Amino acid sequence: MNFDTNLIVSIMPELARAFGVTLLTWGVGVIGAAILGFLVAVGRRYGSAWLGYPLWLCVEVIRGTPFLIQLFLLYYGGPFVGLSLEPIPAGLLGLTVYGAAYFSEIFRAGFEAVPPGHVEAAECVGLNRRQIVRRILIPEMTMLVLPASVNMAIILLKETAVLSIITVPELTLVISAIGSQQYAFVESLFLLALFYWGLVELSGRLGRYMEARLSKYRFATA
Amino acid sequence: MSWKLFELLVQASLYTVLISFISITIGLAIGMVVSAAALSPSRALSVPGRTFVSFFRGVPLLVQLLLIYNLLPALGLNVPSVVAAITGLSLCTAAYQAENLRGGFQSVPRGLLEAADMAGLSAFQQFRRIRAPIALRLAFPSLVNEAIMILKASSLVSVVGIVELTRMAQDLAASTYRPIELFSAAGLLYLIINWLIASGGSLFERSFRWGRP
């Protein structure tokens with residue numbers, strides 16, 4: 001393997017863009033999935049059975065099927081029902097919906113883990129339902145769901161690699177393409193693996209650091 | 001969608017089940033060794049054990065599969081792609097199972113090991129007769145979960161050209177131009193298999209509940 005500095009310089013812009021796409025899909029995917037997952041959890045907990053049952057079914061179907069099948073259904077099946085998406089929006093939507101199903105379960109467990117005594121106490125001092133959700137449930141839940149959420153965010157980072165299959169120009173796609181052009185497929189995949197490994201380890205550490213910093217706000221124990 | 005197409009999908013799903021089952025079994029064996037290494041007091045064993053777990057849990061499975069698929073021929077091992085796929089899935093699940101088993105091993109009651117010591121069992125006998133069976137039993141629910149994860153993850157081996165359920169659905173969708181029906185049917189088959197694994201797991205779990213420490 002000869003080392004070619006010009007090659008490295010020439011692929012830099014492409015790599016930077018691909019890294020940007022990976023970060024973008026990851027960031028937007030995690031935030032979108034957390035918000036949608038939270039809404040689903042609230043809908044299942046406080047909504048009527050007409051809302052709760054279909055939501056339950058959606059969550060079970062998404063959690064029981066491979067992400068790749070969901071992506072194919074969205075990307076290749078979408079145009080047949082008038083939903084033609086470019087790879088990046090399709091990937092973002094797929095990742096958000098997929099993550100939301102798992103996040104909704106995390107939040108559901110979080111709601112259940114808040115001690116009923118705290119809610120009863122809040123009712124006694126005259127807080128209405130909305131205030132209870134806003135001032136008691138959400139703050140307590142944030143602490144309870146933090147470890148599982150960090151874990152889920154890491155899982156979603158790894159799932160962004162799957163988006164390469166529907167030609168989202170993120171790192172896995174771009175690096176494999178460069179690797180096969182330069183006849184250095186194994187080397188480039190190895191670097192890619194090291195990159196993901198580093199990012200996952202870093203995120204895990206950041207998550208544990210956040211947990212430690214926020215632990216003083218922890219009222220309920222899971 | 002015709003019955004013939006569905007039949008092809010069902011056949012492909014059997015291949016998915018076979019690949020997943022082989023990978024889970026190999027992964028369990030490797031996972032046992034890795035978790036024992038990670039828990040070992042010797043750093044020469046625990047550092048490689050923990051690195052293995054961290055690496056295979058930290059890299060996307062797709063990247064692992066592509067790497068192994070291209071690495072094996074580069075090392076002069078010309079194996080069929082299904083071997084590369086099973087190797088990739090096995091190593092990945094081994095890391096997750098090692099982590100589950102580590103939890104199991106750490107929950108083996110100390111009293112039992114002390115009793116085994118008193119009864120004169122050697123370290124190997126203690127592992128084989130006491131620690132391993134109890135850890136396996138404790139880790140069983142996570143093992144069932146992991147089986148479901150691997151079944152879903154096995155859809156990724158379609159990218160290295162294995163015609164399992166996902167690839168079959170993809171090929172048929174391309175030739176019949178009916179992606180919605182085919183991917184929905186494939187999804188349904190995955191759901192059914194997962195449901196079978198989950199119910200089989202809870203039945204099996206109930207059958208050995210008596211042995212829980």
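Since this is a predicted model, take the numbers as computed values, not measurements. To find a chain, count down the sequence lines: A is the first, B the second, and so on, and within it residues start at 1.
Looking at A/Ile165, only its side chain comes within 4.5 Å of chain B, counting heavy atoms on both sides.
Residues that satisfy the side-chain contact (heavy atoms from CB on, under 4.5 Å) test with A/Leu71, not counting sequence neighbours, are A/Phe67, A/Val162, A/Leu163, A/Ile166. By the side-chain contact (heavy atoms from CB on, under 4.5 Å) test, B/Pro80 pairs with B/Val82, B/Val83, sequence neighbours left out.
Residue-environment remark: CZ (A/Phe190) stays at or below the threshold of 12 foreign heavy atoms within 6.0 Å. Within a 6.0 Å sphere centred on CE of A/Met141, other residues, nucleotides and ligands contribute more than 12 heavy atoms. In the displayed structure, B/Phe21 atom CZ is contacted under 6.0 Å by at most 12 heavy atoms of other residues, nucleotides or ligands. Within 6.0 Å of the CZ atom in A/Phe80, the count of heavy atoms belonging to other residues, nucleotides or ligands exceeds 12.
In plain terms, the two heavy atoms of A/Ala193 and B/Leu67 that are nearest each other are CB-CD2, 4.3 Å. Here the shortest heavy-atom pairing between A/Val200 and B/Gly58 reads CG2-O, 3.2 Å. The shortest heavy-atom contact between A/Gly64 and B/Leu191 is CA-CD2, 3.7 Å. Shown here for A/Ala161 and B/Val63, the closest heavy-atom pair between the two residues is CB-CG2, 4.4 Å.
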Short of 3.5 Å, which donor-acceptor contacts do chain A and chain B share? List atoms and distances.
{"residue": "A/Arg63", "atom": "O", "partner": "B/Lys152", "partner atom": "NZ", "Å": "2.6"}
{"residue": "A/Gly64", "atom": "O", "partner": "B/Asn194", "partner atom": "ND2", "Å": "2.6"}
{"residue": "A/Tyr102", "atom": "OH", "partner": "B/Lys152", "partner atom": "NZ", "Å": "2.8"}
{"residue": "A/Lys158", "atom": "NZ", "partner": "B/Arg57", "partner atom": "O", "Å": "2.6"}
{"residue": "A/Lys158", "atom": "NZ", "partner": "B/Tyr96", "partner atom": "OH", "Å": "2.7"}
{"residue": "A/Trp197", "atom": "NE1", "partner": "B/Ser54", "partner atom": "O", "Å": "3.2"}
{"residue": "A/Trp197", "atom": "NE1", "partner": "B/Ser54", "partner atom": "OG", "Å": "2.7"}
{"residue": "A/Glu201", "atom": "OE2", "partner": "B/Ser54", "partner atom": "OG", "Å": "3.0"}

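Contacts between residues 33-49 of chain A and chain B, counted as heavy-atom pairs separated by less than 4.5 Å, involve no residue at all.
A 4.5 Å side-chain heavy-atom check between B/Leu165 and A/Ile69 finds every atom pair outside the cut-off. Residues A/Leu192 and B/Leu66 fail the side-chain proximity criterion, which asks for heavy atoms closer than 4.5 Å.
Chain B forms more heavy-atom pairs under 4.5 Å with one residue of A/Leu73, A/Leu68, A/Val186 than with any other, namely A/Leu73.
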